[in-house]
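Side chains included, hydrogens not; waters and symmetry mates left out as well; all remaining heavy atoms used.
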Amino acid sequence: MAYSYTNAKGQTYYLHTKDVTLKNGKVQRIYFFARTERDGALDKVPAGYEVMETKRTNMPVLKKA
């Protein structure tokens with residue numbers, strides 16, 4: 001089951017990860033929240049990160065702890 005987060009507006013988001021290739025060829029892992037559960041959904045928040053909301057839109061984001 002994917003990690004879910006409900007923001008202050010009552011909207012539920014699911015945590016996902018994806019490996020992307022940068023212009024220099026380096027592969028980097030990104031974390032993002034989506035309104036629907038998709039491929040790449042995570043069961044828990046990665047170690048060393050915490051979930052917080054943006055002030056303007058209440059969108060959840062990961063922040064290094």
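At a threshold of 4.5 Å between side-chain heavy atoms, the hydrophobic network of Ile, Leu, Val, Met, Phe, Trp and Tyr places Phe33 and Tyr49 in one connected group. Val61 and Tyr31 fall into different hydrophobic clusters, where Ile, Leu, Val, Met, Phe, Trp and Tyr residues are linked whenever their side-chain heavy atoms come under 4.5 Å apart, directly or through other members. Hydrophobic clustering of Ile, Leu, Val, Met, Phe, Trp and Tyr side chains at less than 4.5 Å, counting indirect connections, unites Met59 with Leu42.
Taking the side chain as every heavy atom from C-beta outward, Tyr5 and Leu15 never approach each other to under 4.5 Å. Put simply, the side chain of Val51 reaches to within 4.5 Å of the side chain of Leu62, judged on heavy atoms.
Pairing each heavy atom of Glu53 with each of Asn58, the nearest pair is OE1-ND2, 2.8 Å.
The backbone N or O of Ile30 sits less than 3.5 Å from a side-chain atom of Thr17, completing a donor-acceptor pair.
A cation-pi arrangement is absent between Arg35 and Tyr14, since the terminal nitrogen or guanidinium carbon is not both under 6.0 Å from the aromatic centre and inside a 45° cone about the axis.
Ring pair His16/Phe32 is parallel by interplanar angle, where below 30° counts as parallel and above 60° as perpendicular.
For Asp39, the CG atom is loosely surrounded, since the number of other residues' heavy atoms within 6.0 Å does not exceed 12.
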